[in-house]
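Side chains included, hydrogens not; waters and symmetry mates left out as well; all remaining heavy atoms used. Keep in mind the model is a prediction, meaning the values are calculated, not measured.
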Amino acid sequence: PIEDEGDRTGYIRIEGVIDSPNLNTDENQLRVHFKSQGTRGQRLTTYIIASRAMKLLKGKYFGQNAWSRLLGSRDDGGIVSAFCYPNGFLYVIRRLHPRVRGPYWGGRSEEVL
């Protein structure tokens, strides 16, 4: 079972971009970056809902170019990552190694207002 970190109630602000932001970062780099911005790692639930909203608004789902690490959701202690195919199929990887990074690995954040 995938669990969310912390209670996140209220309005949520996210990056409104299709392509996965923060490419070429590992898990620790994302944590430092999000902390400096006053945000947290996005949850899988937020990713799913926002990706569907982006399809309606911009005609594409999130992450069709790269994977997004979602530091706000965990499975057995490891974070999860998600990717949407152009047909809307959602693929989720659980327990990605924290040091994996590259041009096809990014990370999304969310801010509770």
Rounded to the nearest 0.5 Å, what separates atom [atom1] in [X] from atom [atom2] in [Y]?
X	Y	atom1	atom2	answer
I14	S109	CD1	OG	9.0 Å
L30	T25	CG	OG1	3.5 Å
L90	N87	CG	CG	10.5 Å
T39	E111	OG1	CD	7.0 Å
L70	T46	CG	OG1	9.0 Å
S73	E3	OG	CD	9.5 Å

_Check: V80 and R74 side chains under 4.5 Å, non-hydrogen atoms_ =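 No; the side chains remain at least 4.5 Å from each other.
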*Would you confirm whether D75, through its side chain, and I2, through its main-chain N or O, come within 3.5 Å as a donor-acceptor pair?*
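Such a contact is absent between D75 side chain and I2 backbone.
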_Taking S20's backbone N and O only, do any of them form a donor-acceptor pair with N65's side chain (distance below 3.5 Å, no angle check)?_
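Checked: pair present.
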Indicate the atoms forming the closest heavy-atom contact of [X] with [Y], along with that distance.
X	Y	answer
C84	Y61	CB-CB, 3.7 Å
Q42	E15	NE2-OE1, 4.2 Å
P98	R69	O-NH2, 3.7 Å
L23	A66	CD2-CB, 3.7 Å
L44	A82	CD1-CB, 4.2 Å

*Could you name each residue pair satisfying side-chain hydrogen bond (donor to acceptor under 3.5 Å, both in side chains) that touches residues 50-60, not counting sequence neighbours?*
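Pairs touching residues 50-60 that pass the test: none.
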*Residue list, side chain to side chain contact (heavy atoms under 4.5 Å, CB included) with D26, at least two apart or on another chain*: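 Residues passing side chain to side chain contact (heavy atoms under 4.5 Å, CB included) with D26: N28, Q29, R101.
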*Stepwise, does the side-chain contact (heavy atoms from CB on, under 4.5 Å) test hold for L71 with R31?*
CA-CA 8 Å; L71 301 182; R31 286 189 194 288; 3.7 Å; yes
*Salt-bridge test for E110 and R13: reply yes if a basic N is under 4.0 Å from a carboxylate O, no otherwise.*
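Looking at R13 together with E110, the answer is no, because their closest N to O distance does not fall below 4.0 Å.
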*Check which hydrophobic residues are tied to W67 through side-chain heavy-atom contacts below 4.5 Å, counting indirect links as well, and list them.*
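Hydrophobic cluster check, W67: joined to F83, Y85, F89, Y91, I93, L96, V100, W105.
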*Within 45° of the six-membered ring axis of F62 and under 6.0 Å from that ring's centre, is NZ or CZ of R108 located there?*
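Yes; both conditions hold, so R108 lies above the ring face of F62.
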*Give the intermediate values and the outcome of side-chain contact (heavy atoms from CB on, under 4.5 Å) for residues L113 and I12.*
CA-CA 6 Å; L113 305 174; I12 298 172; over 6 Å; no
